[in-house]
Chemist: 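My questions will all concern the structure given below.
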Amino acid sequence: PELMNLFREAADIKTADQLNLPTPTPVYHNEVSQPTALQKQMVQELSERAAKVHSGAVAPTEDNMLKITSDGRKLGLDQRVINPDLPDDPNSKVNLCVNNIHRIWQDGQTEKLTQLVFCDLSTPHGDGSFNVYDDIRDKLVASGIPKEEIQFIHDADTEIKKKDLFAKVRSGQVRILFGSTQKLGAGTNVQDRLIALHDLDAPWRPGDLEQRAGRIVRQGNMNPDVHIYRYATEKSFDSYLWQTIENKQRFIS
């Protein structure tokens with residue numbers, strides 16, 4: 001606070017909403033998938049675990065609310081994140097996202113329009129284990145999208161590689177870029193051709209959503225309107241998380 005007061009003596013502080021910069025208009029889409037019977041059963045098990053934790057029936061080292069919350073988030077994303085041997089539900093939110101990405105990719109062929117996919121869970125580890133990133137990429141490649149047009153921010157492990165990757169997204173060589181809020185948030189300048197952004201999971205903080213949206217609702221984007229898709233699995237931890245973010249934002253506002 002002292003530094004900010006000092007800074008204000010020498011500078012005018014302007015926020016984005018005061019500047020009225022020429023940014024594209026975001027159109028929001030809520031994509032809701034229905035839970036499978038297995039997901040419903042697992043949600044019930046999570047609630048039973050929570051009841052045991054609250055009653056003190058289990059030791060905190062054995063089970064706690066953080067573990068339950070983490071499992072709830074994974075389950076809301078895809079049941080295979082909990083157990084890779086479970087079936088791939090064709091109506092899951094992951095598959096809804098695959099269909100949307102492919103449709104938008106096809107519609108934007110002429111202008112080489114690009115897309116971002118944000119997912120903080122089930123990131124690739126490179127050890128062959130199941131993760132949502134590889135699952136979506138494999139499905140997109142199978143549907144006709146060239147593999148080199150789909151990239152993960154996790155593969156750009158140096159500043160030089162990142163710079164090169166961002167340049168490729170801006171030119172339309174890379175059309176779909178995946179990443180987590182932490183790796184693909186602040187400092188990512190790829191807005192030039194961005195037409196759609198996909199929030200595959202709900203982050204913890206409203207500021208994280210701001211960071212994500214700030215990649216596409218940004219000066220220098222050639223599209224007058226852009227689309228932000230937010231995915232949720234009904235009757236899962238997803239709705240609770242989105243509600244929590246809304247409550248936090250209301251309090252902050």
Chemist: Are a donor atom and an acceptor atom from the side chains of N95 and S92 found within less than 3.5 Å of each other?
Modeler: yes
Chemist: Answer yes or no: is there an ion pair linking R212 with D120, defined by an N-O contact shorter than 4.0 Å?
Modeler: yes
Chemist: Just by distance, with hydrogens left out, do Q243 and S239 show a side-chain donor and acceptor under 3.5 Å apart?
Modeler: no
Chemist: Go through the side-chain N and O atoms of R193 and N221 and say whether any donor and acceptor fall under 3.5 Å apart.
Modeler: no
Chemist: Check this for me: does any side-chain nitrogen of one of K139 and D88 sit under 4.0 Å from a carboxylate oxygen of the other?
Modeler: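 Salt bridge: yes.
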Chemist: Identify which one of D201, N30, N100 satisfies the side chain to side chain donor-acceptor pair (under 3.5 Å) criterion when paired with Y231.
Modeler: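 Output: one option passes, namely N100.
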Chemist: Measure the shortest side-chain to side-chain distance between R80 and V132 over non-hydrogen atoms and say whether it is less than 4.5 angstrom.
Modeler: no
Chemist: Strictly under 6.0 Å, is that where the ring centroids of H154 and Y133 end up?
Modeler: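 Yes, close enough.
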Chemist: Report, as yes or no, whether the 6.0 Å neighbourhood of atom NZ on K52 holds more than 12 heavy atoms from other residues, nucleotides or ligands.
Modeler: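 12 or below, so no.
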Chemist: If we ignore angles and hydrogens, is there a donor and acceptor under 3.5 Å between the side chains of N247 and R250?
Modeler: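 A pair is found: one side chain offers a donor N or O, the other an acceptor, under 3.5 Å apart.
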Chemist: Do S33 and E234 have a side chain donor and acceptor closer than 3.5 Å?
Modeler: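 No pair is found: no donor N or O on one side chain lies under 3.5 Å from an acceptor on the other.
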Chemist: Using the ring of each side chain (for Trp, its six-membered ring), is Y229 parallel, tilted or perpendicular to H29, with breaks at 30° and 60°?
Modeler: parallel
Chemist: Check whether the side chains of Q151 and R137 place a donor and an acceptor atom closer than 3.5 Å, and report yes or no.
Modeler: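 Absent: no donor and acceptor within the cut-off.
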Chemist: Taking K93 first and then D238, would you say they form a salt bridge - that is, a charged N and a carboxylate O separated by under 4.0 Å?
Modeler: yes
